[in-house]
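Structure record follows, encoded as structure tokens.
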Amino acid sequence: MESYNPKEIEAKWQEKWLEQASEKIDKDDTKKKFYILDMFPYPSGTGLHMGHTESYTASDVFYRFKKMQGFNVLHPQGFDAFGLPAENYAIKTGVPPIETTKKNMENYIRQMQSLGFNYDFSEQAITSDPEYYKWTQWIFSEFYKNGLVYKKTQKTNWCASCQTVIANEQVVENKCERCGTEIEQKEVPTWFFKITDFAEELIADLDDVDWPEYTKKNQRAWIGKSEGAEIKFEIRNSKSETNSKSEKQNTKQFIEVFTTRVDTVFGVTYVVVAPEHPLIAQLESQIANRDEIFAYIEKSKNKTELDRMEAKEKTGVELEGIKAVNPFNGEEVPVFVADYVLGSYGTGAVMAVPAHDERDFEFAKKYNLPIKKVIEPCFDQLAEPGKIKWDEAFVERDAILAIVKHWEKDEYLCLQWKKVDWRTFITGGPEGGQSFEEAARTEILEETGYKNLKLIKELPMVHSRFYHVPKKVNRFAHFNVFYFELKDGDKDNISDNEQENHDTVWVMSDKIEQFLTADSHKYIFKNLNNPEVSFVEDGVLNNSGEYNFLTSEQARGKMTAWLEEKGLGKKVVNYRLRDWSISRQRYWGCPIPIVYSPEGEPHLVPEQYLPWKLPEDVDFVPTGTSPLAKSQELKERVEKIFGECWTAEYDTMDTFVDSSWYFLRYPDVHNDKEFCSQTRKAWLPVDMYIGGAEHTYMHLLYARFFVKALHKIGHLSFNEPFLKLRHQGMVLDKAGNKMSKSKGNVINPDEMVEKFGADSVRMYMMFVAPLEDAVMWNEENIVGVRRFLERVWRLQEKIVVENMVVDSLTHKTIKKVGEDVEVMKFNTAISQMMILVNAMDKEKQISVTSYELLVTILAPFAPHMAEEIWNKLGHSESIFSSAWPEYDSELIKDEKIKLVIQVNGKVRDTIEVNAEISEDEAKKVALESEKIKNYISGKEIRKIIYVKNKLVSIVV
RNA sequence: GCCGCGGUGGUGAAAUUGGUAUACACGCCAGUCUUAGGAACUGGUAGGUUUAUCCUGUGGGAGUUCGAGUCUCCCCCGCGGCACCA
């Protein structure tokens with residue numbers, strides 16, 4: 001038999017697959033459809049990289065598997081062909097992007113075919129193709145007609161090197177994602193998509209898709225929903241104090257702030273507006289220190305975002321002559337302008353609560369502003385015993401808690417309770433008429449007998465909610481906390497009653513946290529000597545008038561309701577997500593189908609003129625204005641269609657627009673009447689999408705927006721584009737470094753295919769780590785899968801045609817491989833096949849039936865070898881037209897199992913028994929074991945645990 | 001700083017989701033065959049010692065359990081993302 005020669009085999013089958021029209025699927029047959037999609041590549045000059053190789057291999061394996069399972073599988077490929085690199089290359093060399101792109105795509109196709117990926121390249125979606133971008137423009141028009149597009153001149157991210165505007169999502173650490181140039185803010189007129197209209201749905205509908213949890217979480221965080229309230233603070237001018245009331249009424253001005261923490265509003269000690277806040281200009285005449293303010297604003301304007309972020313210390317200036325009034329308590333507080341407040345979020349103004357916000361705290365410390373505490377920690381009992389019964393009301397109780405320090409040692413007086421497992425400081429309830437401090441002293445005396453106490457300080461209150469088990473009622477206790485030190489050890493005797501309840505113990509300070517059982521007590525001790533910090537969590541209100549002793553959550557509800565009633569504010573939901581700016585001042589992109597009338601009014605290019613073609617008569621040297629402005633052809637086209645003095649929109653679209661809908665095109669790529677016909681829409685949405693996690697904030701978000709928008713307009717019946725999403729991990733070098741040109745560690749898939757063969761490369765990528773984990777590409781390790789394939793090849797020599805019984809291991813392997821591939825656990829699927837092959841290799845003969853089953857389940861992973869062997873075994877049909885084998889559930893059952901016997905949790909024996917052994921028998925066998933007898937003889941057996949077909953655990 | 005993910009042999013990694021930790025593979029060691037081997041094949045490969053009905057062992061520490069890599073709490077380390085979003 002000739003030896004395994006991948007090069008020859010792979011070339012032969014790749015050619016055959018190309019010839020065979022049988023690979024073409026019937027796109028009108030959607031009865032048992034499955035749509036598996038890869039993220040299409042940008043056709044760069046360097047060709048396919050290893051990351052593509054891995055994810056496309058995964059999808060190819062999955063595609064072949066699903067096909068063998070009898071699905072009609074759509075597994076398309078295309079090119080995200082517009083984009084900057086081709087244009088930059090054109091600037092350097094003068095070669096038009098259309099030519100380089102075409103050449104690069106050909107190279108990509110060659111590479112994909114060399115790896116045995118099965119795509120029908122006559123059914124591609126190529127975004128730079130007018131057949132395709134006609135529909136990109138059509139969708140733009142639909143969005144435009146439905147109010148989802150607007151034009152606005154505003155400060156936008158500008159990359160000086162790329163000479164274009166870029167989206168928020170394309171800014172990384174204030175640098176251009178593509179070229180690393182520092183981003184400037186520039187006033188540019190740009191088109192926006194109203195993605196924020198869908199913010200709520202974009203968050204909510206994530207619940208319905210099968211995506212990795214962390215991807216969902218990250219996307220939710222990016223959209224950044226926060227619920228809160230807007231509150232109006234009246235502005236008072238200290239100069240106009242003499243104004244009559246009615247005059248004031250007429251000229252009432254307000255600063256509106258956004259906060260998620262209305263419950264802290266009684267702790268407001270100042271208000272801050274962002275430097276770009278319009279109110280400053282409005283109030284100009286009333287500001288005493290105008291020059292100082294405008295100097296500050298000017299200075300912060302010149303700071304880049306990065307400077308603002310990196311500034312170690314917060315800065316700001318008070319607007320002198322102006323005060324803001326807290327609507328809740330009528331307090332007048334100062335107003336500052338400070339650049340730690342962002343103009344672009346919320347209302348551009350905040351109420352500052354230094355006691356309960358770290359940023360405000362830092363600022364207040366620096367400028368010596370008052371810090372007023374209004375929230376105190378609350379500890380809820382969430383575990384039995386004493387777990388809160390949430391459907392019952394709380395009974396409130398005042399309480400005291402005393403920390404008592406030893407007169408000379410670093411020890412504290414604690415109680416060890418006798419009837420319950422409590423270890424606490426001294427606590428109790430105040431008796432009538434006493435002050436809380438007196439009550440604390442009384443409690444200490446009664447419970448411990450100590451009496452010569454010196455009060456060190458009174459600490460902030462803490463609160464606790466729990467279910468009082470003996471009294472059968474929810475308690476809400478408010479603890480007044482005192483810190484005493486004993487002057488000496490002088491003490492009285494304590495009552496028998498108290499003695500029955502608890503012992504008094506002295507505990508060293510470093511053991512206290514371990515000793516105490518109540519979280520509230522631990523918290524107090526931890527913060528006993530801590531310097532002042534801001535407490536940012538929810539808790540219980542205090543110093544808040546009628547809202548005292550409400551929890552933060554309750555207070556937020558009541559306070560917001562009050563604001564709405566008084567017309568001084570309202571409930572508001574804010575999102576971090578901004579609208580998507582899609583204009584790019586570049587050439588190689590989809591033209592925006594807009595023309596301007598002589599008056600400068602924008603008009604859609606009517607549908608009959610779509611595709612609105614990208615002109616070819618432009619040079620590519622960037623000048624900061626769009627290259628399209630230089631096209632004579634475009635100018636003439638516009639004037640011919642629309643009339644004299646009409647002009648074209650010269651900007652092109654962000655390439656992420658192109659890729660936001662390509663998956664909708666694949667079912668019907670040649671349709672020139674619709675982006676996809678009604679019948680072909682039955683393929684949608686995508687059942688399985690595979691690609692990198694780096695697209696979480698851009699492509700995956702934009703594509704979801706497109707589908708939601710098209711759904712709303714009525715062009716799609718579904719709401720989410722990708723039902724299932726899986727990520728592939730990164731491909732690193734063998735030391736675990738990212739591959740990069742500069743490091744010179746980039747691996748070219750062509751070389752690997754040349755060296756090891758496509759089947760080995762495919763198998764190695766799938767075997768070496770789980771799909772979502774990083775793959776460390778180590779050429780020394782690939783021999784493992786190569787040896788495996790060689791072994792499979794050589795097994796042909798052992799085949800006997802006689803019908804032998806297919807053994808249990810083969811059936812187990814069919815089961816395991818099928819189940820693992822279904823959930824994309826390719827690495828363990830392969831290891832199971834290795835186990836089978838190792839076992840077959842030990843046999844002198846193997847049945848042809850077993851061998852064929854092996855080759856069939858191997859086929860999705862190593863399609864070339866599988867086809868070759870299949871063919872040599874005398875089959876004329878492709879192996880991929882055979883069905884995925886079924887396993888015999890009777891045969892995979894083991895007759896004998898190894899029963900594990902444990903004594904006190906330790907394995908002491910394993911006994912081979914019949915699989916159908918009963919519980920009683922199993923226990924009997926276990927107890928009769930000689931080994932076990934050694935461990936249990938003379939001891940009382942307390943318990944025997946039996947786990948069916950697994951173990952007997954004896955407790956003595 | 002915040003959020004997310006992870007830490008298991010010399011290495012990449014398994015572990016039926018609470019039930020024999022280290023499957024499968026690389027590497028290494030020994031052997032077989034060979035003119036040779038950086039080929040192939042066979043066997044071995046967590047550590048310890050008292051070498052066997054043994055003990056220890058999944059980043060560290062505590063806990064729950066008959067039983068923990070898996071669950072709970074605290075801490076350490078690594079990776080990825082976000083970063084003054086009120």
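Computed from heavy atoms alone, side chains included, the values below leave out hydrogens, waters and symmetry copies. Within every chain, numbering begins at 1; the chains are lettered A, B, ... in the order of the sequence lines, protein sequences first and strands thereafter.
- Pairing for B:rC24 is with B:rG12, a Watson-Crick or G-U wobble pair whose two hydrogen-bonding atom distances lie under 3.5 Å.
- In this structure, A:M834 reaches the sugar-phosphate backbone alone: every heavy-atom distance under 4.0 Å involves primed, P, OP1 or OP2 atoms, never a base.
- Among the nucleotides B:rG27, B:rA86, B:rC82, the one closest to any side-chain atom of A:R787 is B:rG27.
- Here, B:rC3 and B:rG12 have their P atoms 29 Å apart, quoted to the whole Å.
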Per-nucleotide protein contact string for nucleotides 46-53 of chain B, where B marks a base within reach and S marks sugar-phosphate only (heavy atoms under 4.0 Å, - for neither): -------B
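- Here the C1' atom of nucleotide B:rC82 and the CZ atom of A:R576 are 7 Å apart, to the nearest Å.
- Figure legend. B:rC5 is base-paired to B:rG78; pairs are counted as Watson-Crick or G-U wobble with both atom distances under 3.5 Å.
- Across the P atoms, B:rG59 and B:rG9 are found 7 Å apart, a figure rounded to whole Å.
- Taken to the nearest 0.5 Å, the CD1 atom of A:I954 stands 9.5 Å off from the CG atom of A:N904.
- Taking atom CG of A:L789 as the reference point, atom P of B:rA39 lies 18 Å away to the nearest angstrom.
- Comparing B:rG81 with B:rC71, their P atoms sit 26 Å apart, to the nearest whole Å.
- Here B:rG12 presents its P atom at 14 Å from NZ of A:K734, a figure rounded to the nearest Å.
- Phosphate contact (OP1/OP2 of B:rA23, side-chain N/O of A:N838, threshold under 4.0 Å): absent.
- Remark: B:rG63 base-pairs with B:rC71. Criterion, Watson-Crick or G-U wobble with two distances under 3.5 Å.
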Salt bridge (Lys or Arg N to Asp or Glu O under 4.0 Å) between A:E230 and A:K570, intermediate numbers included: CA-CA 5 Å; A:E230 277 175 15; A:K570 56 176 189 277; 3.5 Å; yes
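- For the C1' atoms, the distance from B:rC54 to B:rG61 is 27 Å, rounded to whole Å.
- Among the heavy atoms of the strands lying under 4.0 Å from A:N827 are primed sugar atoms or P, OP1, OP2 only; no base atom is included.
- In this structure, B:rU42 and B:rA30 make a Watson-Crick or G-U wobble pair, each of the two defining distances being under 3.5 angstrom.
- Nucleotide B:rC84 is matched to nothing when pairs are restricted to Watson-Crick or G-U wobble geometry with both distances under 3.5 angstrom.
- Residue A:L951 is classed as a base contact, given a heavy-atom separation below 4.0 Å to a base.
- Note on A:R791: only backbone sugar-phosphate atoms sit closer than 4.0 angstrom, heavy atoms only; bases stay farther off.
- Nucleic acid contact class of A:V907 (heavy atoms, under 4.0 Å, all strands): sugar-phosphate only.
- Phosphate contact (OP1/OP2 of B:rA86, side-chain N/O of A:S226, threshold under 4.0 Å): present.
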A:F363 vs A:Y340, ring pair (Phe, Tyr, Trp, His ring centres under 6.0 Å): CA-CA, chis, key distance, verdict: CA-CA 9 Å; A:F363 191 81; A:Y340 82 91; 5.2 Å; yes
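- Ranking B:rC84, B:rA40, B:rA83 by closeness to the A:R794 side chain, first place goes to B:rA40.
- Ring pair A:Y270/A:F336 is perpendicular by interplanar angle, where above 60° counts as perpendicular and below 30° as parallel.
- When the C1' atom is compared between B:rU56 and B:rG69, the two are found 16 Å apart, to the nearest whole Å.
- For the C1' atoms, the distance from B:rC33 to B:rU42 is 11 Å, rounded to whole Å.
- For B:rC3, the base has no donor-acceptor partner in the side chain of A:K217 [N/O atoms by modelled type, under 3.5 angstrom].
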Evaluation steps, ring pair (Phe, Tyr, Trp, His ring centres under 6.0 Å), between A:Y523 and A:F379: CA-CA 10 Å; A:Y523 173 86; A:F379 296 88; 5.5 Å; yes
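- Look at B:rG9: its glycosidic torsion is within 90° of 0, and that puts it in the syn range.
- Within 4.0 Å (heavy atoms only), A:S953 reaches at least one base atom of the nucleic acid.
- Between B:rA15 and B:rU8, the distance separating the two C1' atoms is 10 Å to the nearest Å.
- Comparing A:K825 and A:K950 along RNA chain B, the residue whose closest nucleotide (by nearest heavy atom) sits nearer the 5' end is A:K825.
- Checking B:rC66, B:rU20, B:rA13 against the side-chain heavy atoms of A:V955 singles out B:rC66 as nearest.
- Ion pairing between A:K798 and A:D841 holds under the 4.0 Å rule for side-chain N and carboxylate O.
- The residue among A:N904 and A:F767 whose nearest nucleotide of RNA chain B is located toward the 5' end is A:F767.
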Audit row: A:K232, A:I255, side chain to side chain contact (heavy atoms under 4.5 Å, CB included) steps and yes/no: CA-CA 6 Å; A:K232 290 179 175 176; A:I255 303 179; over 6 Å; no
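- For B:rU11, the O4'-C1' to base torsion is more than 90° from 0; the nucleotide is therefore anti.
- Taking side-chain N and O atoms only, A:Y214 has no distance below 4.0 Å to OP1 or OP2 of B:rG80.
- Ring centroid separation for the pair A:F767 and A:F826 does not come in under the 6.0 Å cut-off.
- Side-chain atoms of A:Q902 and base atoms of B:rG19 include a donor and an acceptor less than 3.5 Å apart.
- With hydrogens and angles ignored, the 3.5 Å screen pairs no side-chain donor or acceptor of A:S534 with any backbone N or O of A:V536.
- As judged by a 4.0 angstrom heavy-atom cut-off over every strand, A:V768 is placed among residues touching the sugar-phosphate backbone only.
- Put simply, A:K906 has a side-chain N or O that comes within less than 4.0 Å of OP1 or OP2 on B:rU56.
- A distance of about 32 Å separates the C1' atoms of B:rG44 and B:rG6, rounded to the whole Å.
- In this structure, A:T264 contributes its side chain and A:G267 its backbone to no donor-acceptor pair below 3.5 Å.
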